[in-house]
Engineer: 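Sharing a structure here in structure tokens format.
A note on names: the letters A, B, ... follow the listed sequences, proteins ahead of strands, and every chain is numbered from 1.
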Amino acid sequence: MKIATWNVNSLKVRQQHVIDWLELSHVDVLCLQELKLPDEKFPHAEFSVKGYRSWCAGQKTYNGVAILVRDGLEVDEVDIVRNIPGFEDLQQRLIAATVNGTRIASAYFPNGQAPGTEKFAYKLRWLDAITQWAADELVRYPSFALAGDYNIAPEDRDVHDPQAWLGQNLVSPEERAAFARLVSLGLVDSFRSFEQPEKTFTWWDYRMLAFRRNAGLRIDHILLSSALAATCTHCEVDKTPRKWDQPSDHAPVIVYLG
DNA sequence: ATGGCTTGCACCGCAAGA
């Protein structure tokens, strides 16, 4: 099974990119973030004709997440979860589904704006909440994957210029500590389980020719439970759609399981 | 130099992203 995560920065604008990339990658499950559209505008039918069922948690203008599952895979409709249970949140940032017995979450972690701001405090609260939720899910589902835009670069090697970014949002010690707490539940950063090219990133600013200069950050991740990590044969970032016309600023991350 | 692009909203310049 191949699982991927991709922040598309508006599904309305990137719908054709998603369809083209599904045909290119043939992933079994695709987790999407930053749909920026309400549920009634989600293109279920367009994905259906391409062989994918879809579940979304959308909202107007901002946020919004979805999971696409290839026809033939078994999805338990009863345990689809939207939002972090017990965490009051007006922003649509989490959807989880069970696919062939594997629990898969598509998560859009808050950006945080800057350390010290109210948005940063919200990011830390949200990180605490998803950590508690992930702990519960790990008890229920030995095979668990938490995929999404984490908006955290876990280490300096995930940053093109660590000196310039020192202490800033996305790399601050508080965010990295929260990421480490999540990992310490027993999750594995699948990307680092394998040898990877130096300076592999998943996001590049639209400005300053950042993609051409590879001035990026690795902030999109797929964390795996230890049982699932044991079946994982590879993890890679696919920069292909970042080179297309009018691209998302993020590139998809793929894990190969079983 | 706190900008630089891109998006959505809504009526065009602003908020937000990362």
Engineer: So A:Y108, base contact, sugar-phosphate only, or nothing? Heavy-atom distance under 4.0 Å.
Structural biologist: sugar-phosphate
Engineer: When you match A:N169 and A:R207 each to their closest nucleotide on DNA chain B, which lands nearer the 5' end?
Structural biologist: A:R207
Engineer: With a 4.0 Å cutoff (strictly under), does any side-chain N or O of A:R14 reach OP1 or OP2 of B:dT7?
Structural biologist: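 Answer yes for this pair, as a side-chain N or O of A:R14 is under 4.0 Å from OP1 or OP2.
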Engineer: Using a strict threshold of under 4.0 Å (side-chain N to carboxylate O), is an ion pair present between A:R176 and A:D156?
Structural biologist: yes
Engineer: Among A:I3, A:I222, A:L223, which residue satisfies the side chain to side chain contact (heavy atoms under 4.5 Å, CB included) criterion with A:S190?
Structural biologist: A:I222
Engineer: State whether A:S10 places a side-chain N or O below 4.0 Å from either non-bridging phosphate oxygen (OP1 or OP2) of B:dT6.
Structural biologist: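 No.
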Engineer: With a cut-off of less than 4.0 Å, is there a side-chain N or O of A:Q246 near OP1 or OP2 of B:dT7?
Structural biologist: yes
Engineer: Does B:dA16 have OP1 or OP2 sitting under 4.0 Å from an N or O in the side chain of A:K36?
Structural biologist: no
Engineer: Centres of the A:F211 and A:Y206 rings: under 6.0 Å?
Structural biologist: no
Engineer: How long is the line joining CH2 of A:W203 and P of B:dT7, in whole Å?
Structural biologist: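 After rounding, the gap between these two atoms is 15 Å.
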Engineer: Would you measure the distance from the P atom in B:dA16 across to the matching atom in B:dG3 and give it in whole Å?
Structural biologist: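 It works out to 14 Å between them.
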Engineer: Centroid separation under 6.0 Å, is that true for the rings of A:W6 and A:W21?
Structural biologist: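 Yes.
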Engineer: For A:Y141, what residues pass the side-chain hydrogen bond (donor to acceptor under 3.5 Å, both in side chains) criterion, not counting sequence neighbours?
Structural biologist: A:D79
Engineer: Other residues, nucleotides and ligands only: do more than 12 of their heavy atoms fall within 6.0 Å of CD on A:E88?
Structural biologist: no
Engineer: Using a 4.0 Å heavy-atom cut-off, does A:I219 contact any base of the nucleic acid, only the sugar-phosphate backbone, or nothing at all?
Structural biologist: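 Answer is sugar-phosphate: A:I219 comes under 4.0 Å of backbone atoms only.
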Engineer: Could you check how far CD of A:Q33 sits from C1' of B:dT7, rounded to whole Å?
Structural biologist: 17 Å
Engineer: Nearest-Å distance, CG (A:D149) to P (B:dA16)?
Structural biologist: 17 Å
Engineer: In residues 58-66 of chain A, which residues come under 4.0 Å of DNA chain B by heavy atom?
Structural biologist: A:K60, A:T61, A:Y62
Engineer: Reckon A:N151 touches a base, only the sugar-phosphate, or nothing at all at heavy-atom distances under 4.0 Å?
Structural biologist: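 Touches sugar-phosphate only.
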Engineer: Is A:N7 touching bases, backbone alone, or none of the nucleic acid, heavy atoms closer than 4.0 Å?
Structural biologist: sugar-phosphate
Engineer: Nearest-nucleotide wise, let me know which of A:M208 and A:P110 is further upstream toward the 5' end of DNA chain B.
Structural biologist: A:M208
Engineer: Which heavy atom of A:P142 sits nearest a heavy atom of A:S225, and at what distance?
Structural biologist: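 It is O-OG, 2.6 Å.
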